[in-house]
Amino acid sequence: MSEEKLMVIDGNSLLHRAFYALPLLSTKDGIYTNGVYGFLTMLHKIQEDYDIDYICVAFDKKGPTFRHEAFEQYKANRDSTPNELALQFSILKEILNAMNIRQIELEGYEADDIAGTLSRIGEENGMEVILVTGDKDYLQLLSSDNIKVLITKKGITELEEYSRDKIIEEYGITPEQFIDLKGLMGDKSDNIPGIPGIGEKTGIKLLKQFGSIENIYDNIDEVGGKKTKEALIEHKNIAFLSKKLGEIIKNVPIQISMEELKIKEPDWNKLVELYKKFEFNSLLSKIPDSKLKIQEESSHKVKYKLIKDNKFRDIIDELDSNEEFGFKFVFEHENYMKSSMLGIGIKIADNSPYYIDFSENNIDVFITTFKKYFESKDIKKYGHMMKVDIIGLLRMDIHIKGIEFDTMIGEYILDPAQSNYSVNQLAMKYLNSSCKEEEQLLGKGKHKKTYGDLSVETRAKYVSTILDLVYRVKKPIREKIKELKMDCLYYEVELPLVEVLADMEYNGFKVDLEVLKQLGDEFESQINNLTNEIYELAGQEFNINSPKQLGEVLFDKLKLPVIKRTKTGYSTDAEVLDKLRGQHEIIEKILKYRQLVKLKTTYIDGLINLVDEKTHKIHSSFNQTVTNTGRISSTEPNLQNIPIKTEEGRKIRKAFVPKSKDYVLVDGDYSQIELRVLAHLSKDPKLMEAFFRDEDIHTKTASEIFGIPKDEVTPAMRNKAKAVNFGIIYGISDYGLSRDLNIPRKEAKEYIDNYLENYKMVKKYMEDIIEIGRKKGYVETILNRRRYVPELKSKNFNVRSFGERIAMNTPIQGSAADIIKVAMVKIYKELKDRNLRSKLILQVHDELIIETHKNELEEVKQLMKNIMENAIKLDVPLKVEIKVGDNWYETQ
DNA sequence: TCGGTCACG
DNA sequence: ACGTACGTGACCGAT
């Protein structure tokens, strides 16, 4: 039988590490929790990796220790614990208590002394001891093979395991000698002085030669190096003092039996309650199902009625006598555009949900029976992630009306920063209830199941539970939306937009495969040529796609100067290569190679993969709950980043065509929407005037920052001004601008100062919005879309600066998103009301594309321009440019 | 799974 | 002293 394992965690050290490793997260009530969250994540990871029998967390106790008595200046240079962290200690302790994990702290001692003592006791009891910390001082405790020290590496879940052998091998000295090493070199962070001029290298050398500090002084004459010797002699007392301070003691008077440290069952109810309170949703979902009392309740409680044949009598009766229902389809797998539809859950009013199974080939009967209910605007429908279900209906040629609530969209506008908007998350947050995540239901990786693999009963039960929870979670979300004055944003913009996006996705964008393939062949032959030339110039073959191998070739073999490094090695990005241009022929080739490979792999091969074989259409997925600012995102493929900036890339747009020769593409593009929004928000007179006069904004800015008339602005000056305008939108910094323009920071600062001097109200706006963000905890867009910015309160300069840029940028980017979303909803409605065949098929942040029937061209052009420019009335005019083409290349 | 890189607004 | 432009997604190699 293997030895029993005792784990001792340095609570102070690990909480500090977690706090600084993670962004400053806080709950809705403004309680900071990032440190605790990180700590618990680490704890889970370690418990998964190591099979622990005994556990204990050691904390420092406030007040002086014996080290302070020996040396007044001990840790005197420490900054006081930031407030955001200080409060997290009690939260952590509360949670550890709920986990039934014993904590020890003792007056006059630090956590590492407790850990040292426990490691001795554990070892004496024949246990294997694992010490967890962020502090390298612990290495001195590796007194035998039975002890291991885990030290945090970068991030929060990476730990490096140290053993006695590893230390000796790596440093050439024993763990015990680390105490002597500390005596020699001191420790800045603890304010332990050490001997001036002796660092790690010299220290280790000395200890290898003499073994200990005592021995060094016994044989001081043998010390080589005059300076070292003199320093040793002069600071002899410091060496011994520092050694004493640096030694972790192993005989702290703790009265505790091992039995008390034995791992115990957590108090699950208490733990669940705390996880909810502090919004640790991901930790909550790790708690085993059987421990979630409430969950059993909810999933067992939900009764459902399974309909396998065409006996729709009961459900029709219910539908006829009610005004609202929720529904959700079950698809075979996640591709809801293509995979077969297995069934549908329908919940009418407060009644038990129905699950209609489609397997008896009753889809047609279902459609004819239920179409009118889905298409009646008087019967309200709700759901979660309804885009998918709307598409499901479209596949049945059912065009939904009367969408009343989508819980996923609701939660998104309440807090767009979340990464997961599952029904389970909502249920935990609002109902103290939960259900399985889809991943728990289907598994993941190789063994992932499809819904088709589940029994009909399982599918019925799952969908019914979901619908039941969605029904119940609707109310609190609706109330919160009202409370935060987001009714307009929700009911008039985001909710109607769900249908618009579903429609766009369902319509898809026709692709001319021949154009793509032709272009792909051209790219491929160019890539082949370049590959050979690069090998030739490098004098060897290597994987040009590997930044590592490329770095070795450029900087080791060809000895080109290193411009920038990444965490893992040399940086070889376009910026670096650009600076190396002219130093070696190979550089140009690599840049070209990179560009072409990108085009080929992502935009030719990647796109071809996603083209529907029958219809030759691409159905990109438009996601409404991804971005922090309110923009929508596009995936599989991302149609929002199709190349345009280089001519070669731009050619790819020739492959995007209307669905038939009767149609053309009409492209409406907002001109300078973000700067116009800024003008509106700041009310800066100069900026507003520029837009009223429809001036070229970059030229105008150039004339202001360079203090010259507009007709004297050179193209180079205009370019600089353009970069300044971007900078203003992003939350300006001289560093960012200097890097972008490749100019000295000082020069960049001048431009910015000039800008803000000229556009005084912009300056004021930026200052005000940061202050508002700090006071309220969030910033808002024109339509009251909210983004919380806890970073603004950070003590950390970088984090706080980031928060300031978010506060400046989000209202601008987010309001622009509001505007185009309103335009989309209105255009969709107008096309429908007028019974036009033309369809909205794409949005790229400030651009919309309508696939337009040729007979409707003039009408659509006019309607589009009109709606886009008047979507939301600003204090400056909005301007839209309309272009028409037979493919997307022509419309630019 | 993560980091580097690069495509877009 | 700090070390950054804002918002996304896809692909690749390395781990």
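Within every chain, numbering begins at 1; the chains are lettered A, B, ... in the order of the sequence lines, protein sequences first and strands thereafter. Nothing here was measured: the structure is a model prediction, and the numbers come from that model.
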**Q** Just the rounded figure in Å: distance from P of C/dC12 to OH of A/Y593.
**A**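 Atom-to-atom, A/Y593 to C/dC12, this comes out as 10 Å.
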
**Q** How many Å lie between CZ on A/R653 and C1' on B/dA7, as a whole number?
**A**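 After rounding, the reported distance stands at 10 Å.
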
**Q** With a non-hydrogen cut-off below 4.0 angstrom, is A/R787 in contact with a base, only sugar-phosphate, or nothing?
**A** sugar-phosphate

**Q** Pick from A/R786, A/E780, A/R787: which one makes a side-chain hydrogen bond (donor to acceptor under 3.5 Å, both in side chains) with A/T810?
**A** A/R787

**Q** Categorize A/N545 for me: base, sugar-phosphate, or nothing, with a 4.0 angstrom heavy-atom threshold over every strand shown.
**A** sugar-phosphate

**Q** Is A/S634 near enough to C/dT8 that one of its side-chain N or O atoms lies under 4.0 angstrom from OP1 or OP2?
**A** no

**Q** At 4.0 Å (heavy atoms only), tell me whether A/V626 reaches a base, stays on the sugar-phosphate, or touches nothing.
**A**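 Sugar-phosphate only.
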
**Q** For A/A723, which contact category applies under a 4.0 Å heavy-atom criterion: base, sugar-phosphate, or nothing?
**A** base

**Q** Considering every strand and a 4.0 Å limit on heavy-atom distances, what is the contact class for A/I644: base, sugar-phosphate, or nothing?
**A** sugar-phosphate

**Q** Would you say the side-chain atoms of A/K720 pair up with the backbone N or O of A/L741, donor to acceptor, closer than 3.5 Å?
**A** no

**Q** Please determine, for the side chain of A/Q813, which listed nucleotide (B/dA7, C/dG7, C/dC2) has the closest atom?
**A** C/dG7

**Q** Within the structure shown, what part of the strands sits under 4.0 Å from A/T810 by heavy-atom distance: base, sugar-phosphate, or nothing?
**A**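 The residue A/T810 makes no contact with any strand.
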
**Q** Can you tell me the Watson-Crick or wobble partner of B/dG9, both distances under 3.5 angstrom?
**A** C/dC6

**Q** Looking only at side-chain N and O atoms, does A/R739 come under 4.0 Å of OP1 or OP2 in C/dT4?
**A** no

**Q** So what does A/N641 touch, heavy atoms closer than 4.0 Å: a base, only the sugar-phosphate, or nothing?
**A** base

**Q** At less than 3.5 Å, do the side-chain atoms of A/R805 and the base atoms of C/dT4 form a donor-acceptor pair?
**A** yes

**Q** Output the single nucleotide from C/dA14, B/dC6, C/dA10 whose closest atom is nearest the side chain of A/R594.
**A**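 Minimum distance to the A/R594 side chain belongs to B/dC6.
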
**Q** For residues A/R774 and A/L792, report the shortest heavy-atom separation together with the two atoms involved.
**A**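 Looking at all heavy atoms of both residues, the shortest contact is N-CD1, 3.5 Å.
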
**Q** Kindly state whether the pair A/F802 / C/dT4 counts as stacked, where counting means centroids closer than 5.5 Å and planes tilted less than 30° apart.
**A**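 Here A/F802 fails the 5.5 Å or the 30° condition.
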
**Q** Check whether any side-chain nitrogen or oxygen of A/T566 sits under 4.0 Å from OP1 or OP2 of B/dG4, and answer yes or no.
**A**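 Checking A/T566 against B/dG4: at least one side-chain N or O falls below 4.0 Å of OP1 or OP2.
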
**Q** Indicate yes or no for a side-chain donor-acceptor contact from A/N887 to the backbone of A/A655 under 3.5 Å, with no hydrogens or angles considered.
**A**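 No: the side chain of A/N887 does not pair with the backbone of A/A655.
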
**Q** Would you say B/dA7 has OP1 or OP2 under 4.0 Å from some side-chain N or O of A/R650?
**A**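 Result: no.
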
**Q** Does a side-chain N or O of A/T629 approach OP1 or OP2 of C/dG7 to a distance below 4.0 Å, or not?
**A**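 No, A/T629 has no side-chain N/O under 4.0 Å of OP1/OP2 on C/dG7.
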
**Q** Rounded to whole angstrom units, what separation is found between the CZ atom of A/F542 and the P atom of C/dG13?
**A** 13 Å

**Q** Does a side-chain N or O from A/T572 land closer than 4.0 Å to OP1 or OP2 of B/dT5, or not?
**A** yes

**Q** What integer distance in Å separates A/R565:CZ from C/dG3:C1'?
**A** 18 Å

**Q** Roughly, in whole Å, what's the span from CD in A/E552 to P in C/dG13?
**A** 15 Å

**Q** Compare the minimum distances between each of B/dG9, C/dG7, C/dG9 and the side chain of A/N638, then state the nucleotide with the smallest one.
**A**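 Closest of the options to the side chain of A/N638: C/dG9.
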
**Q** Any sub-3.5 Å donor-acceptor pair from A/T566's side-chain atoms to A/G569's backbone N or O?
**A**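 Answer holds: yes.
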
**Q** In terms of side-chain heavy atoms of A/K548, which of B/dA7, C/dA14, C/dG9 is nearest?
**A**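 Selected nucleotide (nearest to the side chain): C/dA14.
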
**Q** Are A/F797 and the base of C/dC2 stacked, counting only ring centres nearer than 5.5 Å and planes tilted under 30°?
**A**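 No; centroid distance or tilt outside limits.
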
**Q** Counting the atoms with a prime plus P, OP1 and OP2 as sugar-phosphate, which does A/Q549 contact under 4.0 Å by heavy atoms, base, sugar-phosphate, or nothing?
**A** sugar-phosphate

**Q** Need one value for A/G606: base, sugar-phosphate or nothing, where a base atom within 4.0 Å counts as base even if backbone is also close, heavy atoms only.
**A**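 The residue A/G606 makes sugar-phosphate contact but no base contact.
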
**Q** Taking the minimum atom-to-atom distance to the side chain of A/I806, which one of C/dG7, B/dC8, B/dC6 wins?
**A**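 Ranking C/dG7, B/dC8, B/dC6 by closest atom to the A/I806 side chain puts C/dG7 first.
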
**Q** On DNA chain C, nearest-nucleotide positions of A/N543 versus A/G731: which is more 5'?
**A** A/G731

**Q** Ignoring hydrogens and angles, are the base of B/dC8 and the side chain of A/Q640 linked by a donor-acceptor pair under 3.5 Å?
**A**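 Such a pair does not exist between side chain and base.
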
**Q** Starting at NZ of A/K45 and ending at C1' of B/dT1, how long is that distance when rounded to a whole Å?
**A** 12 Å

**Q** Find the distance A/K598:NZ to B/dG4:P and express it as a whole number of Å.
**A** 15 Å

**Q** Find out whether the Lys NZ or Arg CZ of A/K166 is both under 6.0 angstrom from the six-membered ring centre of A/Y162 and within 45° of the ring's axis.
**A**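 Yes, a cation-pi geometry holds between A/K166 and A/Y162.
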
**Q** What nucleic acid atoms does A/L599 come within less than 4.0 Å of, heavy atoms only: base, sugar-phosphate, or nothing?
**A** nothing

**Q** Select base, sugar-phosphate, or nothing to describe what A/S801 touches, counting heavy atoms under 4.0 Å on all strands.
**A**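 Result for A/S801 = nothing.
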
**Q** Is a donor from one side chain sitting under 3.5 angstrom from an acceptor on the other, for A/Q595 and A/K592?
**A** yes

**Q** Looking at C/dA5, C/dC11, C/dG9, which one has an atom nearest to any side-chain atom of A/T601?
**A** C/dC11

**Q** Using a 4.0 Å heavy-atom cut-off across all strands, classify A/A574 as base, sugar-phosphate, or nothing.
**A** sugar-phosphate

**Q** Touch check for A/E674, heavy atoms < 4.0 angstrom, all strands: base, sugar-phosphate only, or nothing?
**A**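 Answer is nothing: A/E674 stays at 4.0 Å or more from every strand.
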
**Q** Can you tell me how far C1' of C/dC12 sits from OH of A/Y603, to the nearest Å?
**A**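 A/Y603 atom OH is separated from C/dC12 atom C1' by 14 Å.
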
**Q** Only one of A/K387, A/R631, A/E494, A/M385 passes side chain to side chain contact (heavy atoms under 4.5 Å, CB included) with A/Q624; say which it is.
**A** A/E494

**Q** Just N and O in the side chain of A/S546: are any of them under 4.0 Å from OP1 or OP2 of C/dA14?
**A** yes

